[in-house]
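Structure record follows, encoded as structure tokens.
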Amino acid sequence: MADSQQPDLDEIEGWLLAVADGRETRDSADRWAHRWVTDDELCWGDVEWWALNLLYGIDLRPEPEAGFLHDDDQVWQWLTELQARRAGQGYDE
């Protein structure tokens with residue numbers, strides 16, 4: 001997944017799917033999203049910003065030895081919600 005241009009919603013969704021199905025770690029997704037969330041020069045649509053912020057922090061744990069704050073089922077629910085938001089805002093072509 002590219003890291004040179006501002007990602008579009010397809011790339012953001014791709015990262016969320018990659019975490020959900022185990023192709024990317026939560027840590028790598030968080031680090032990738034951090035690069036974009038903290039760049040104040042970029043302008044985001046509402047859906048892109050919402051989805052990007054799900055990835056930024058996806059590796060959080062309530063305690064060092066605890067499971068993730070948001071479990072795998074929650075990640076799949078986010079993916080489903082992202083797809084519904086895309087459909088509701090005319091992103092699907």
For Asp39, all residues meeting salt bridge (Lys or Arg N to Asp or Glu O under 4.0 Å), sequence neighbours excluded: Arg35
message: Which residues pass the side chain to side chain contact (heavy atoms under 4.5 Å, CB included) test with Asp8, not counting sequence neighbours?
response: Asp10, Glu11
task: Supply the atom-to-atom distance Asp27 CG to Trp32 CH2, rounded to the nearest 0.5 angstrom.
output: 14.5 Å
message: Tell me every residue that passes side chain to side chain contact (heavy atoms under 4.5 Å, CB included) with Gln74, counting only those two or more places apart in sequence or in another chain.
response: His70, Asp71, Gln77, Trp78
task: Starting at CG of Leu54, measure out to CH2 of Trp49 and round the result to the nearest 0.5 Å.
output: 11.5 Å
message: Test side-chain contact (heavy atoms from CB on, under 4.5 Å) on Thr25 and Val19; report intermediate values, then the result.
response: CA-CA 6 Å; Thr25 66; Val19 170; over 6 Å; no
task: Determine the minimum heavy-atom distance between Asp30 and Gly57, stating which atoms define it.
output: OD1-N, 2.7 Å
task: Measure the spacing between CH2 of Trp36 and CG of Asn53 and express it to the nearest 0.5 Å.
output: 14.5 Å
task: Check Leu52 against Ile12 and note the closest heavy-atom contact, atom names and distance.
output: N-CG2, 4.0 Å
- line: Residues passing the salt bridge (Lys or Arg N to Asp or Glu O under 4.0 Å) test with Arg61, sequence neighbours excluded, are none
statement: Hits for side chain to side chain contact (heavy atoms under 4.5 Å, CB included) against Ala66, two or more places apart or cross-chain, chain-then-number order -> Pro62, Glu63
statement: Output for pair (Ile58 CD1, Leu16 CG), nearest 0.5 Å, gives 5.5 Å
- prompt: What closest approach, in Å, do Tyr56 and Val37 show between heavy atoms, and which atom pair accounts for it?
  reply: CD2-CG1, 3.7 Å
message: As an exercise, state the distance from CG of Asp72 to CZ of Arg26, rounded to the nearest 0.5 Å.
response: 5.0 Å
statement: Separation between CD (Glu48) and CD (Glu13), nearest 0.5 Å, reads 11.0 Å
- line: What one should report as the nearest heavy-atom pair of Asp21 and Trp76 is N-CZ2, 4.0 Å
- prompt: Taking only residues two or more places apart in sequence, or in another chain, which ones meet Leu60 in a side chain to side chain contact (heavy atoms under 4.5 Å, CB included)?
  reply: Leu69
- prompt: Side chain of Ser28, backbone of Glu24: donor and acceptor closer than 3.5 Å?
  reply: no
